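Presented below is the structure to which this report refers.
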Amino acid sequence: MSPRSPASRRRSALLSLLGTCALLPLTACDEPQPQPPVDSSPRTLRLMQTSDLHTNILPWDYFTGKPDPLRGLSKVATLVKQARAEHPECNLLVDTGDTIQGTPLGTYYALVDNAPQHPMAVAMNELRYDAMALGNHEFNYGLDVLNKFKSEASFPLLGANIRRSSDGGEAVIPYLLKDVCGVKVGILGLVTPGVTTWERAENISGLRFDNPLVTAREYVPRMRQAGADVVVVAIHSGPDKQPTGRATDPASWLTDYADPTKWADRGNLPGENQAVQIAQQVEGIDVLLTGHTHQPIPKMLLKNTQGQDVLLIQPNRWGSHLGVVDLSLVHADGHWKVEGKDSRLLEVNASVEQDARVTQLTQGHHDTTLNYVSRKIGTTRAAFPGGYAARYVDSSLADLINAVQERAAKEAGHPVDFSLAALFTDDGLPAGDITLRDAYSIYIYDNTLYVMEINGSILRRALEHNAGYFVQWNPSAPPNASSPEAARVSSVQHYNWDLYSGIDYGFDLTKPLGSRLTHLRFKGADVRDDDVFHVAVNNYRAGGGGGYSMFKEGRVLWTSADGVRDYVARYLQNHPNVDPNDVNACNFSLTPSVYDYYFEATRGPVKCSAPQ
């Protein structure tokens, strides 16, 4: 006898059901059947978070060419699986952006060979992420690359404040509602609006980025009305201030945010870091999972307008930590409510093993990237030192980057009067053969190049702000001579200390901030406020990044399609045997000579160490 078709089986089942109903009272089949009782026993919901992974999958530094046991999603994966096993039915894994850019691996699979599935999608799918909030660096390669990654990810990419510029409609999924162990959890995605400042217009064509605070006020009540028992804001934005004490001390993040003696401004763009304000001003939020500021924040507690504690956490960058939030839930009045909350960071260190499966799935991508960055592109006659020894003096390394920017601007038909650049890392260039990795190591970010028109007033104010990199020097009690980092303000990032070419200037570090500029000349003449200059800067600085809001008063004349990093590589390829002495032009000085104080005894004098 041949098996019956699915249709015949469905008909038999229906007839059987009708026959059964015919033997019962009429109401028996019309009334809804009783539902099993809700399990209302208290439970713990675990949230796990990564952020600012920047394509760090394996524990490897592509810029130094060495292993780094303190980073990598393959190591975080081990912590995820351990944390998930403790609450196997009641957990969520969320990322808060800056995921597909940051290392040569990200560059390769965006710009060199974008055909394979993106390695970040491969790794994150294996770990069963539940959602990801978009970060500003997701847009660095344009919407085609981003949309391809979105199609490859098995989890939604969220961004409620990313809107269509044509009609204001949602351009990205705004939030996720998910049932987890009987609890309905809402995850709202937000991104810093600084995207429009830092990103090339063609990479965000048709999009606008609304105020995250205003957006949260709109969506959080909507999520509650949709039945969310727990509301989580996953935001690529962080606190707008940082502790004046040691930011690595967990207790420093628990001090009163309103106490001005305990917190220092980060030098944000308007609206760039609004996580604290969202926690304080938007009712109905339980947790903020934050990112963007690259800081390990194990726990902050902030009071909202109802006097309730809102928990904030951030797991630093590059897969150095896993954020873990535990919410104690009780069932009352027909829904779940948060009765208690706690959080901590699990650190990636040498004792944490790589997850075998994530490593296996992405090893080929890693090997391809190593081959890509190891190819020779040029040569140098002598080394270009990096680190503090290059920041504390008019150095050949900063002059090289400025020369690259000036040449790129000239070749684009926009010659400049001068250029400015920061040294992002402590790497320099070796003597002899130069690989692509060497070139990338001195410019690790995907910044693009701008040519701007500014005046002497903007320049003078920018230089005074620039000098805030250094602490005020007390000649009777100078900084620790064995610790070069003691001369700088710890809260000011290296990328916010610029070294200029083409102008003559100096700082007296014994003076208070705001009055340190000793002289400012262009072509031998003192600079006046109404003098007009064309200057080469990166897109971050042009948009006022790092607290340099005065640059936004200038006029953008040209923006590059390529990154400065690629201009550096091309310059080295086209200039064999580049000589640091030929590149280095002495136009800047510090009083006292910080280089001499820290390095002359061990490294000897350098070309520009004497005051100008």
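Everything quoted here is computed from the prediction, not taken from an experiment. All heavy atoms count here, side chains included; hydrogens, waters and symmetry mates do not.
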| Flag, side chain of N402 to backbone of L420, donor-acceptor distance under 3.5 Å | yes

| field | Parallel, tilted or perpendicular: ring planes of Y548 versus H465, cut at 30 and 60 degrees | value | perpendicular

| Under the ring pair (Phe, Tyr, Trp, His ring centres under 6.0 Å) test, which residues partner F209, sequence neighbours left out? | F139

| message | Please determine whether a side-chain nitrogen of the Lys or Arg among K376 and D438 lies less than 4.0 Å from a carboxylate oxygen of the Asp or Glu. | response | no

| Does the side chain of R357 pick up a donor-acceptor pair with the side chain of Q360 at under 3.5 Å? | yes

| For residues E152 and N125, is any side-chain donor paired with an opposing acceptor at under 3.5 Å? | no

| message | Between S74 (side chain only) and I57 (backbone N and O only), is there a donor and an acceptor less than 3.5 Å apart? | response | yes

| said: Test: salt bridge (charged side-chain N to carboxylate O under 4.0 Å, His left out). Region: residues 111-125. Which pairs qualify, not counting sequence neighbours? | reply: none

| request: Assess whether side chain to side chain contact (heavy atoms under 4.5 Å, CB included) is satisfied between T99 and M124, documenting all intermediate values. | output: CA-CA 10 Å; T99 303; M124 295 173 79; 3.6 Å; yes

| said: Once side chain to side chain contact (heavy atoms under 4.5 Å, CB included) is applied, do any residues pair with P174, and if so which ones, sequence neighbours excluded? | reply: A160, E170, Y219

| said: Is it the case that the ring center of H366 lies less than 6.0 angstrom away from the ring center of Y62? | reply: yes

| For H236, does its backbone N or O pair with a side-chain atom of D98 as donor and acceptor, under 3.5 Å? | no

| query | From N136 CG over to E138 CD, what is the distance, rounded to the nearest 0.5 angstrom? | reply | 8.0 Å

| Is the Y469 ring parallel, tilted or perpendicular to the W497 ring (thresholds 30°, 60°)? | parallel

| request: For M120 and T55, run side chain to side chain contact (heavy atoms under 4.5 Å, CB included): C-alpha distance rounded to whole Å, both residues' side-chain angles, the deciding distance at 0.1 Å, then the answer. | output: CA-CA 7 Å; M120 290 303 298; T55 62; 4.0 Å; yes

| message | Looking at D144, I'd like to know if its CG atom is crowded, meaning that more than 12 non-hydrogen atoms belonging to other residues, nucleotides or ligands lie closer than 6.0 Å. | response | no

| task | Check for a donor-acceptor pair, side chain of R46 on one end and backbone N or O of A83 on the other, with a separation under 3.5 Å. | result | yes

| Contacts of V325 that satisfy side chain to side chain contact (heavy atoms under 4.5 Å, CB included) - sequence neighbours left out | L47, V287, L289, L311, I313, L327, S343

Taking only distance into account, with no hydrogens and no angle test, what donor-acceptor pairs under 3.5 Å do side-chain atoms of residues 188-197 form with protein atoms, sequence neighbours excluded?
{"from": "T192", "atom 1": "OG1", "to": "G194", "atom 2": "N", "distance (Å)": "3.2"}
{"from": "T192", "atom 1": "OG1", "to": "E272", "atom 2": "O", "distance (Å)": "2.9"}
{"from": "T196", "atom 1": "OG1", "to": "P193", "atom 2": "O", "distance (Å)": "3.1"}

| field | Salt-bridge criterion met for K66 and D68 (N-O under 4.0 Å) | value | no

| query | Is there a donor-acceptor pair under 3.5 Å between the side chain of Y540 and the backbone N or O of G546? | reply | yes

| After noting the C-alpha distance and the side-chain angles of H414 and H534, does the key distance pass the ring pair (Phe, Tyr, Trp, His ring centres under 6.0 Å) rule? | CA-CA 8 Å; H414 292 273; H534 289 182; 8.1 Å; no

| For H575, ring pair (Phe, Tyr, Trp, His ring centres under 6.0 Å) partners two or more places apart | Y571

| field | K75 side chain to P59 backbone, donor-acceptor under 3.5 Å | value | no

| field | Residue K410 excluded, over 12 heavy atoms near NZ under 6.0 Å | value | no

| said: Please check: side-chain N/O of T425 versus main-chain N/O of S441, any donor-acceptor pairing under 3.5 Å? | reply: yes

| task | Please determine which of Y108, Y109, W60 meets the ring pair (Phe, Tyr, Trp, His ring centres under 6.0 Å) test together with H365. | result | Y109

| said: Tell me whether R565 forms a cation-pi arrangement with Y440, defined as NZ or CZ under 6.0 Å from the six-membered ring centre and within 45 degrees of its axis. | reply: yes

| How far apart are the closest heavy atoms of I377 and A569, and which atoms are they? | CD1-O, 3.7 Å

